[in-house]
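Please read the structure below before turning to the comments.
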Amino acid sequence: MSALPLVALVGNPNAGKSALFNALTGARQKLGNYPGVTVERKAGRLALADGRPVELVDLPGTYSLNAASPDEQVTRDVVMGRQAGERQPDALVIVVDASNLDNHLRFALELIALGLPTIVALNMVDLATRDGLELDAAVLSRELGVPVIATVAVRKRGLDHLREELAGLLGSVAPEAKAPLPERDFDAVRDEARRIARAAIVRETPSRRLTAAVDRVALHPVFGLLLLLGLLFVMFQAVYAWSEAPIAMIEGLAEAAANSVRDALPDGMLRSFLVDGVINGVGSVVVFLPQILILFFFILMLEATGYMVRAAFLMDGLMARVGLSGRAFIPLLSSFACAIPGIMATRTIADPKDRLTTILIAPLMTCSARLPVYAVIIGAFIPARDILPGVGLQGFVLFCLYISGIIGAMLVALILRMTVTKGASGGFLMEMPKYQWPRPQDIVLGLWQRAVIFLKRAGTIIFTSTVILWVLLSYPKPPEGSAVSQVDYSIAGRIAGGLNVILEPIGFNRDISLALIPAMAAREVAVSALATVYSIDAGDDEALLERSLGDRLKDQWPLPTALAFLAWFIFAPQCISTIAVTRRETNGWKWPLFMVGYLFVLAYVAAGLTYWTATEFGL
Ligand SMILES: Nc1nc2c(ncn2[C@@H]2O[C@H](COP(=O)(O)OP(=O)(O)OP(=O)(O)O)[C@@H](O)[C@H]2O)c(=O)[nH]1
Ligand SMILES: [Mg+2]
């Protein structure tokens, strides 16, 4: 094989090199490794138009010849003829993505400057056409000074033409390799690439031009990130700003229901069950439906407009820095709804260690079940005032809680990738969809589905946990005339008292310890549990019964305790279902136990630090 002429496929990541390689070589492939590095060498045999065989290698995707990763170093060294275990190629086939031409031409210009016999495969012309962009290969060829052939690798279009052109190229005497041009100014190459890409345009629809213009901002490494942060910021502001009225309405309904039950039934167990357990317990969670729907309204809108994929693309660089693949973005994003679908979505990540890392950090994304917990504490302890005109403090705190979860996840990923899940990470594969106006019926349907999921949870898992808690809180009854309160005397109260020994140092009181246990069934139960505790605790005290859960919390918890409680919920292990799905997806107990363990430690430390700091500052 070594006597055959060698042709290398080279280009940016995702240009379609491997697709082209597979289409050209079929099953005649050989996998190996480059000596001394873990980079795979993929080679195959290809027959030229005149029947001559050549050896084709598929090189790792690279953005430039200034290589950073081991993959990129191999690509650079091969094309420069410096790679151990490889000859310098007799010809290059540079693969570029037609719909992303100005970016891909930068590397192409660098490669062409090497002076090797070169062909450019203008790939993915199907996608360009779909998006309303038509390019002239002849103009491109004239500008670049090398043959350019339009291809659609996945449909095997343009391959014969490529084989012909390659036969011609390898038949002629190889031109003398020019010395690589001296370091060219990055900006100069970029401008040149942009100019050539513009010159090659035959037709571009206004919508594509608009998309390109928007993307120049949305995908910009600095402005794009600012835009993303801005959007998230607005989203969390809206969660508070828009939800006041509907929440007040639901609260009003719950209160009316509790009052009519109180009027209709005599004092007794049934009344306590309905009022303390069902209406105050479950009702305290249902109240957050408007906020959850507002959150999802934004998420659905961002998805439907085509922005979400851009956000993923934008985050890819950041995620790569902590050792995650860009593919992890979608599972992590789903985890904002719930970690369970998020963890299941990691199946699209091919590399096992990449995938495991993503599974392990998914619970750090703030799932929607945590929103009621955050909302009730923020509502009670954070004043509803503006820090800047139009910027509410409550929304800002909520934004910070979400960001803390994300930063925590990134740090954990970084540490895991250096220790337990060490290994290389993969590249990013995603196609930018067109921007479009979302269809209202899609958004409405999406919101409806979220509402149904939430209310189902309230009616099943939250209801059940609350009822069990109500029973454990209501029995046994303290002896008549005893000074011990009902909650203290109950089974739940005693268990919580025991648990509180561990949790007291981080500022938690007995009621929190009590709420944390059933919260393992579902996060929101922390809220319903507190509501039930305080409702039972109030007994017949009219004045106490009148007060909302938020007011009761404000009366009974010092601020450092409330802040520690929030910090705990950023990191604390997820519900039992998450642990179960982790066990299933990782085939064993090892990783779910590891996950629960590290999350507990993080939550404990975070809550403790928050409590001590807040106390130190005299809050
Ligand atoms: N529609 C369309 N899709 C293509 C074409 N060529 C490749 N793809 C798809 O684009 C994606 C990336 O293609 P790959 O062949 O893996 O890209 P690559 O250049 O090998 O990427 P790296 O190895 O990461 O550098 C895959 O999902 C391909 O199926 C094309 O001509 N048209
Ligand atoms: Mg490839």
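One-based numbering, in listed order, for ligands and for the atoms of each.
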Could you tell me whether any N, O or S atom belonging to Asn14 is less than 2.8 Å from the Mg ion (ligand 2)? no
Considering all heavy atoms of both residues, which atom of Pro331 and which atom of Thr358 are nearest to each other, and what is their separation?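 Scanning both residues completely, I find the closest heavy atoms to be CB-CG2, 4.2 Å.
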Exercise: identify the closest heavy-atom pair between Leu225 and Pro221: CB-O, 3.6 Å
Taking only heavy atoms of Ala153, which atoms of ligand 1 are found under 4.0 Å from at least one of them? 6 (N), 30 (C), 31 (O)
Would you mind running through ligand 1 and noting each atom that sits below 4.0 Å from a heavy atom of Gly61?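 Every atom of ligand 1 under 4.0 Å from some heavy atom of Gly61: 25 (O).
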Which part of Val152 is near ligand 1, with near meaning a heavy atom under 4.0 Å away: side chain, backbone, both or neither? both
Using distance alone, determine whether [X] and ligand 1 share an N or O pair under 3.5 Å.
| X | value |
| --- | --- |
| Asp58 | no |
| Ser18 | yes |
| Leu20 | no |
| Gly16 | yes |
| Leu127 | no |
| Val125 | no |

What pairs with Arg450 under salt bridge (charged side-chain N to carboxylate O under 4.0 Å, His left out), at least two apart in sequence or on another chain?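 So Arg450 forms no salt bridge (charged side-chain N to carboxylate O under 4.0 Å, His left out) with any residue.
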If you count heavy atoms of other groups shown closer than 6.0 angstrom to OH of Tyr63, is the number above 12?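 12 or below, so no.
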Neighbour count >12 (heavy atoms, 6.0 Å) for atom CZ, Arg155: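 Count not over threshold, so no.
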N-O pairing of Arg41 and Glu55 below 4.0 Å: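 Salt bridge: yes.
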Student check: side-chain heavy atoms of Val152 and Met124 closer than 4.5 Å: no
